[in-house]
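Below, chain A is the first sequence line, B the second, and so on; all start at residue 1. Everything numeric in this text was worked out from a predicted model, so none of it was measured.
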Amino acid sequence: DTAVSQTPKYLVTQMGNDKSIKCEQNLGHDTMYWYKQDSKKFLKIMFSYNNKELIINETVPNRFSPKSPDKAHLNLHINSLELGDSAVYFCASSHSRESKNEKLFFGSGTQLSVL
Amino acid sequence: AQKITQTQPGMFVQEKEAVTLDCTYDTSDQSYGLFWYKQPSSGEMIFLIYQGSYDEQNATEGRYSLNFQKARKSANLVISASQLGDSAMYFCAMREGRGGNNRKLIWGLGTSLAVNP
């Protein structure tokens, strides 16, 4: 059983389109995250939710909107896609946000290519 | 200033040899945690090892060990007996002990390791 699963794995789309990436975790974790990894492999946190509540919202264009219907799901919707949005997007989860030793469990990533 | 520094963009090692990947960090906290993750070419991020700032022993997980030198603020990853499957990007990350809701992981830029047969 996949612990953190995100779909789709690959997403190729035209500029200006709206797209969504879905994420689900079956680990019973309270906290979920979205990360963006650019072409230089730098990982940057975008959002974090704890029990459906937004707790981290980095400086991300408001074209990006996360939605957490329940604590096992965290979806990412992107409006009006731009070329610079091309990257790998990772969903992750952790048991809680309280401890400094909380490790993250990652999904396999979604390679987004905007043409 | 960067909080996590990985000075080796790329490293080569011969199969079966040991390799050390460097990581230095910057924090004024006394309580923090250090992590290493592996990202193979398939793209997934795999947790390898964790070291807490108050842990007296260096962390070990199988062939992975963490050479933790607190005074130097370094947390180098040592991979013993390298295997071809160890070829991957390796990321060092830190979570500081304070920060409340904003206690996020801070990532280094990664080191690309290639294991030669």
### Structural part of Q111(A) lying under 4.5 Å from a heavy atom of chain B
neither
## Note on the structure
Exactly one of L43(A), I45(A), L104(A) clears side chain to side chain contact (heavy atoms under 4.5 Å, CB included) with L105(B), and that residue is L104(A)
### Contacts with chain B made by residues 77-87 of chain A (heavy-atom distance under 4.5 Å), listed by residue number
none
### Message
Quick check on K9(A): does its NZ atom have over 12 non-hydrogen neighbours (other residues, nucleotides or ligands) under 6.0 Å away?
### Response
yes
#### Entry: Atom group of K44(A) that falls short of 4.5 Å from chain B, counting heavy atoms
neither
#### Entry: Considering all heavy atoms, the nearest K103(A)-F35(B) contact
CA-CE2, 3.7 Å
### Qualifying residues under side-chain hydrogen bond (donor to acceptor under 3.5 Å, both in side chains), relative to Q8(B), sequence neighbours excluded
D22(B)
### Query
Are I4(B) and L21(B) connected in the hydrophobic side-chain network, where two residues link if heavy atoms are under 4.5 Å apart?
yes
### Query
Is the CZ atom of R72(B) crowded by more than 12 outside heavy atoms at less than 6.0 Å?
no
### Query
For K73(B), does the NZ atom sit with more than 12 other heavy atoms under 6.0 Å from it, leaving out its own atoms?
yes
### Query
Can you name the residues of residues 76-92 of chain B that have some heavy atom under 4.5 Å away from a heavy atom in chain A?
M89(B), F91(B)
### Query
Any side-chain heavy-atom pair from K41(A) and W107(B) closer than 4.5 angstrom?
no
### Task
Check whether Q39(B) gets within reach of chain A through its side chain, its backbone, both or neither, counting any heavy atom under 4.5 Å.
side chain
### Message
Taking the ring centre of each residue, are F106(A) and Y37(B) less than 6.0 Å apart?
### Response
yes
### side-chain hydrogen bond (donor to acceptor under 3.5 Å, both in side chains) partners for S42(B), two or more places apart
E44(B)
